[in-house]
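Counting starts at 1 for both ligands and their atoms, following the listed order.
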Amino acid sequence: MSLKLNLSYAGEFASDENLSSMAAEVSAAHEMLHNGTGLGNGFLGWVDLPVNYDKEEYDRIKKAAAKIRSDSQVLVVLGIGGSYLGARAVIEFVRSNNYNLIEKDTPNVYFGGNTISSSAVYELIELCKDKDFSVNVISKSGTTTETAVAFRVFKELLEKKYGKEEARGRIYVTTDRVKGALKGVAVTEGYETFVVPDNVGGRFSVLTAVGLLPIAAAGIDIDSLMQGAAEARAKYLNPDLMSNDCYKYAAFRNLLYRDGRCVEMLAAYEPSMTMFCEWFKQLFGESEGKDGKGLFPASAIFSTDLHSLGQYIQQGQKILFETVVWVNNPKNDVPIDLDPVNADGLNFLAGKSVSFVNRKAFEGTVLAHTDGDVPNVILEIDKMDERSLGHLIYFFEKACGISGYILGVNPFDQPGVESYKKNMFALLGKPGYEDLRAQLADRI
Ligand code: PA5
């Protein structure tokens with residue numbers, strides 16, 4: 001079992017009758033996705049990526065990752081949004097959210113170029129400057145300010161430390177095949193480059209070089225990750241809604257949205273899924289939040305956040321539903337021993353393990369939240385390994401494409417992201433933005 005969809009706690013909208021009322025819309029969405037007849041049809045490369053990926057580049061990714069593992073204590077990954085969230089999510093999910101702290105024979109991986117906080121950039125320099133490090137700069141457009149500014153800083157740091165020639169061998173560029181400023185720099189300087197395919201948008205790019213190089217550098221088995229995604233691709237090809245769990249989930253979340261639930265909270269009971277939740281939030285937020293529509297994607301790590309968000313979920317406005325990812329077999333377990341003194345009164349747990357307590361927290365929470373009128377969708381996976389994660393990634397990507405089409409938006413563009421960029425460029429004095437700068441001047 002790679003992924004099991006459990007709708008037993010999802011309420012009336014998950015009944016077969018209600019779900020099948022969505023059959024025509026799901027069928028239309030399937031048609032658009034698989035025949036390329038819908039909005040954003042230039043960005044459907046991710047649909048067949050788990051089987052159609054560039055095999056020559058894939059081998060180069062493995063070789064580059066091996067070189068990074070052999071010559072670097074640190075890999076600095078510079079990218080923002082879809083250009084870093086997937087890699088970070090996978091590394092933390094498979095290895096640990098404490099990956100950089102644990103003992104290992106693979107380099108630390110630090111993510112930068114996703115903020116313009118000067119303090120954060122300074123701190124990253126401090127973390128790297130006395131270590132042997134390499135840089136993987138990732139930007140599909142090749143013009144994203146956060147990433148470009150960080151790359152300028154880290155390129156100079158590498159060149160000062162190693163000289164231009166050795167620095168060249170420590171810089172890996174992942175960008176568009178032909179266009180963009182970053183591509184220009186890579187060609188001029190002779191850096192090894194990897195491609196973000198034209199037909200794969202940033203938030204769908206984790207299974208391209210964008211995600212795979214940093215993931216492989218962290219010692220993760222990318223073959224198994226791709227295998228899990230390929231299995232999911234095959235499993236969710238069936239156009240029949242009632243035989244396709246991915247489509248059931250997509251239909252269900254649209255039914256709830258129409259009923260006034262406007263927030264979907266992805267919840268997990270593993271801290272190592274925190275960044276996976278961030279990846280999910282970008283995937284759905286950027287894909288569906290447009291034209292005044294869309295579920296707001298939120299996330300929580302339980303039981304931690306039951307002590308912060310739990311009150312709202314239980315008794316606040318009835319605007320939420322939860323999608324819970326539950327892992328049947330945790331990576332590790334810790335026994336709870338008998339204490340003869342029993343001053344803490346916990347001997348009723350003696351002989352059990354921490355994972356047993358987590359399971360009961362999960363069961364108790366599902367019942368409490370459904371009693372509080374918060375529908376719960378449960379996605380069960382066997383374990384937190386590459387194969388299960390590849391499956392989960394593809395499940396959510398496909399559910400996102402289908403959901404977006406059901407919602408009636410273009411799930412593959414992100415025009416709203418440009419607004420802040422234009423203002424920032426104008427305020428920074430970038431050539432070409434003089435008129436906007438004049439318009440904004442008296443508002444700042
Ligand atoms: O999903 C997307 O397209 C975005 O989140 C981009 O990944 C993000 O804006 C970074 O863009 P780029 O890779 O062009 O630097």
Please write down residue, atom name and distance for the protein heavy atom closest to [atom].
| atom | answer |
| --- | --- |
| atom 6 (C) of ligand 1 | G82 N, 3.9 Å |
| atom 3 (O) of ligand 1 | G202 N, 3.5 Å |
| atom 10 (C) of ligand 1 | I80 O, 3.2 Å |
| atom 11 (O) of ligand 1 | T144 OG1, 3.6 Å |

message = If you take the nearest heavy atom of each of E418, E286, K140, E146, which one is closest to atom 4 (C) of ligand 1?
response =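 Selected option, by shortest heavy-atom distance: E286.
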Answer yes or no: does an N/O atom from [X] fall short of 3.5 Å to an N/O atom of ligand 1?
| X | value |
| --- | --- |
| K421 | no |
| T147 | no |
| I138 | no |

query = Would you say the side-chain atoms of Y58 pair up with the backbone N or O of T208, donor to acceptor, closer than 3.5 Å?
reply =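 Flag not set: sc Y58 to bb T208 has no pair under 3.5 Å.
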inquiry  = Would K422 pass as a cation-pi partner of Y433, given that its NZ or CZ must be under 6.0 Å from the six-membered ring centre and within 45 degrees of the axis?
reply    =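 Geometry flag: not set, cation outside 6.0 Å or 45°.
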task = Scan the protein's non-hydrogen atoms and note whether one is under 4.0 Å from atom 15 (O) of ligand 1.
result =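 Yes, there is one.
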query = Near Y122 OH, under 6.0 Å, is it more than 12 heavy atoms from other residues, nucleotides or ligands?
reply =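 12 or below, so no.
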Only heavy atoms of [X], strictly under 4.0 Å: list the atoms of ligand 1 that pass.
| X | answer |
| --- | --- |
| Q414 | 3 (O) |
| S83 | 7 (O), 12 (P), 13 (O) |
| S141 | 12 (P), 14 (O), 15 (O) |
| S139 | 12 (P), 13 (O), 14 (O), 15 (O) |

With ring centroids as reference points, do [X] and [Y] lie under 6.0 angstrom apart?
| X | Y | answer |
| --- | --- | --- |
| F276 | F280 | no |
| Y110 | F133 | no |
| F296 | F284 | no |

request  = Starting from the C-alpha separation in whole Å, work towards a yes-or-no answer on side chain to side chain donor-acceptor pair (under 3.5 Å) for Y247 and D245.
outcome  = CA-CA 5 Å; Y247 289 7; D245 281 350; over 6 Å; no
request  = State, to 0.1 Å, how close G113 and A150 come at their nearest heavy-atom pair, and which atoms those are.
outcome  =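 In this case the closest contact between G113 and A150 is CA-CB, 3.6 Å.
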ask   = Do H391 and Y236 pass the ring pair (Phe, Tyr, Trp, His ring centres under 6.0 Å) test, and can you show the C-alpha distance, the side-chain angles, and the key distance before you say yes or no?
value = CA-CA 10 Å; H391 193 111; Y236 306 124; 5.3 Å; yes
query = Is Q282 in contact with ligand 1, taking contact as a heavy-atom separation below 4.0 Å?
reply =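 Judged by the 4.0 Å heavy-atom criterion, Q282 does count as contacting ligand 1.
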